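Okay, so here's the structure we're looking at.
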Amino acid sequence: TERKKKTQNLIVCKSPPFLLAIMVTIFTAPYHGYQVLFSPFERNKIAFTGAVNYGISGNGALLIYERDEVGYKEFRRYPWKDGLFDVTWSELNEAVLVTASGDGSVVVYDQAQPNGPVTVLTGHTAEVSSVHWSMTRQEQLVVSASWDGTVRLVRATSLKKILKFPLLCIADVLLCVCVCVCVCVCVCVCVCVRTHTHV
């Protein structure tokens, strides 16, 4: 009887609220997913990037889904010649998205133009694995990281490349800054100690 009571208690035990939420499944075949993001402007829109064959070979696509009273439906489909590994929404224009492509390009889309990308940025020499739009809304910058060992910054307002640096240089710069700060602090301390000693 005691065992039965314990079993019954386990069965009727309420789940946390997040487990009671209605789940929605969106099928993205033939594309295998790499990234999915809600729009920062329109809460009913989701952007998805993926690739066929798990991104090993073949094409990819940017899919945009829009929610209505029934559920999520495909709003835009932008096929691309290579896998798309990442996506970021514009912080400047709710219709603009930027994707990272396996062919080394950064591809810019505008939902107002359903036929394809509005701009393709080149410069990376290997797969672009990550892309992000700055979220401060003070400087409109897009940054992309690639398997070629570089990070590239683009001024989003004009989509003009403003800076390129190898990933190794970031560490070098930080190391140099730290060393300079330490040296300056040590020199200041030594000068202060020497001054007080003489007094």
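All of these numbers come straight from a predicted model, not from anything done at the bench. If you read the sequence from its start, that first residue is 1, and numbering goes on from there.
- Sorted by first and then second residue, the pairs that involve residues 33-42 and meet salt bridge (Lys or Arg N to Asp or Glu O under 4.0 Å), not counting sequence neighbours, are Glu42-Lys45.
- Under a 3.5 Å cut-off, the side chain of Ser105 and the backbone N or O of Val107 do not form any donor-acceptor pair.
- Clustering of Ile, Leu, Val, Met, Phe, Trp and Tyr side chains at separations under 4.5 Å places Phe85 together with Tyr34.
- Using modelled atom types, one side-chain atom of Ser134 and one backbone atom of Glu139 make a donor-acceptor pair closer than 3.5 Å.
- Separation of atoms CD (Glu91) and CG (Leu141) is listed at 12.0 Å; rounding is to 0.5 Å.
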If you look only at distance, which donor and acceptor atoms sit under 3.5 Å apart when one is on a side chain in residues 52-64 and the other is two or more places apart or in another chain?
unit_1	atom_1	unit_2	atom_2	d
Asn53	ND2	Ser57	O	3.2

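- Follow the hydrophobic side-chain contacts under 4.5 Å out from Trp80 and you reach Leu97 in the same cluster.
- In terms of hydrophobic clustering, with Ile, Leu, Val, Met, Phe, Trp and Tyr side chains grouped at heavy-atom distances under 4.5 Å, Leu84 and Trp89 are assigned to a common cluster.
- At a threshold of 4.5 Å between side-chain heavy atoms, the hydrophobic network of Ile, Leu, Val, Met, Phe, Trp and Tyr places Phe75 and Tyr78 in one connected group.
- In this structure, CZ on Arg67 lies 8.0 Å from CZ on Phe38, to the nearest 0.5 angstrom.
- Looking at Tyr31, its side chain never comes within 3.5 Å of a backbone N or O of Pro79 through a donor-acceptor pair.
- Put simply, the side chain of Ser101 never gets that close to the backbone of Val106: no donor and acceptor are under 3.5 Å apart.
- Here the side chain of Gln111 pairs a donor or acceptor atom with the backbone of Glu94 at under 3.5 angstrom.
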